[in-house]
Amino acid sequence: MQAYEDKVAEVSDAITVPGSPVSYLLSLSTNEPAFIPQTAALPELLSTVGFDADDVLAKADDPELYGSGDSFIVSNELLAQVGDAPVMFVVPVAGRSLEDLQQDPLYTSLPAFESGQVYELPATSYRPDYDGVMGTLDLVQDMFGN
């Protein structure tokens, strides 16, 4: 726990958060728009270093969460409403990469894509174990370090 707490303090002090709130898009093999709710592991982890998660659950009208409770799918029509945060993380889990999504007009009109405030994190950050947590924190520090 001490190593984790020390890492959170180090990253918090070393980064500048690019804006808020932040949403977390899950890129799945089905190519359906999916989000990671603010109550899931990744948004909770990044909140410890200053990333305020968007309330995507409310924007999606409290959707049914996928089996494990850490994702939900929205229709293409709801994507603009749910994904309107100024900053977004994309987590490809057997789905398209950020680079691929940046070629899709469905996503390019989202505010984070338009402003260039969209960032990719690896699948290991989605349901992280200890190594995944520490690796994700390292990546965030590299991306947003002062």
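Just the heavy atoms: all of them, side chains too, but no hydrogens, waters or symmetry mates, feed the values below.
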Atom [atom1] in [X], atom [atom2] in [Y]: separation rounded to 0.5 Å?
X: Ile36; Y: Leu65; atom1: CD1; atom2: CG; answer: 12.0 Å
X: Asp61; Y: Leu78; atom1: CG; atom2: CG; answer: 8.5 Å
X: Tyr107; Y: Leu101; atom1: OH; atom2: CG; answer: 5.5 Å
X: Leu110; Y: Leu25; atom1: CG; atom2: CG; answer: 8.0 Å

For residues [X] and [Y], report the shortest heavy-atom separation together with the two atoms involved.
X: Gly69; Y: Pro37; value: O-CG, 3.9 Å
X: Val49; Y: Ser12; value: CA-OG, 3.3 Å
X: Ser125; Y: Pro122; value: OG-O, 2.6 Å
X: Pro18; Y: Gln117; value: CB-OE1, 3.4 Å
X: Phe113; Y: Met88; value: CE1-SD, 3.7 Å
X: Ser20; Y: Pro86; value: O-CG, 3.5 Å

Provide the full list of salt bridge (Lys or Arg N to Asp or Glu O under 4.0 Å) pairs with a residue in [range], sequence neighbours left out, each pair given once.
range: residues 66-75; answer: Asp70-Arg127
range: residues 74-95; answer: Lys59-Asp84
range: residues 87-110; answer: Arg96-Asp104
range: residues 136-146; answer: Lys7-Asp138

Query raised in the report: Taking only residues two or more places apart in sequence or in another chain, which ones pass salt bridge (Lys or Arg N to Asp or Glu O under 4.0 Å) with Asp52?
Result: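 Asp52 satisfies salt bridge (Lys or Arg N to Asp or Glu O under 4.0 Å) with no residue once adjacent residues are dropped.
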
Which residues pass the side chain to side chain contact (heavy atoms under 4.5 Å, CB included) test with [X], not counting sequence neighbours?
X: Glu120; value: Pro92, Ser97, Leu98
X: Asn76; value: Pro33, Leu106
X: Glu5; value: Met1, Gln2
X: Ala34; value: Leu26, Leu28, Ile73

Is it true that [X] and [Y] fall in one hydrophobic cluster, defined by side-chain heavy atoms closer than 4.5 Å?
X: Ile15; Y: Leu121; result: yes
X: Tyr126; Y: Leu57; result: no
X: Val93; Y: Val90; result: no
X: Tyr24; Y: Leu79; result: no

Can you confirm whether [X] sits close enough to [Y] that some side-chain heavy atom of one is under 4.5 Å from a side-chain heavy atom of the other?
X: Gln81; Y: Val74; result: no
X: Leu45; Y: Leu137; result: yes
X: Leu46; Y: Val22; result: no

Query raised in the report: For residues 34-49, which residue pairs qualify under side chain to side chain donor-acceptor pair (under 3.5 Å), counting only residues two or more places apart or in two chains?
Result: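 Pairs touching residues 34-49 that pass the test: Gln38-Asp55.
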
Query - Check: Val56 main-chain N/O paired with Asp54 side-chain donor or acceptor under 3.5 Å - result: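 No; zero donor-acceptor contacts below 3.5 Å.
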
Query raised in the report: Could you give all pairs that pass the ring-ring contact (aromatic ring centres under 6.0 Å, His included) test and reach residues 56-85, with sequence neighbours left out?
Result: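 Non-adjacent pairs meeting ring-ring contact (aromatic ring centres under 6.0 Å, His included): zero.
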
Requested in this report: If a pair satisfies ring-ring contact (aromatic ring centres under 6.0 Å, His included) and one of its residues is in residues 30-58, list it, with sequence neighbours excluded.
Outcome: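 Of all non-adjacent pairs touching residues 30-58, those that pass ring-ring contact (aromatic ring centres under 6.0 Å, His included) are Phe51-Phe89, Phe51-Phe144.
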
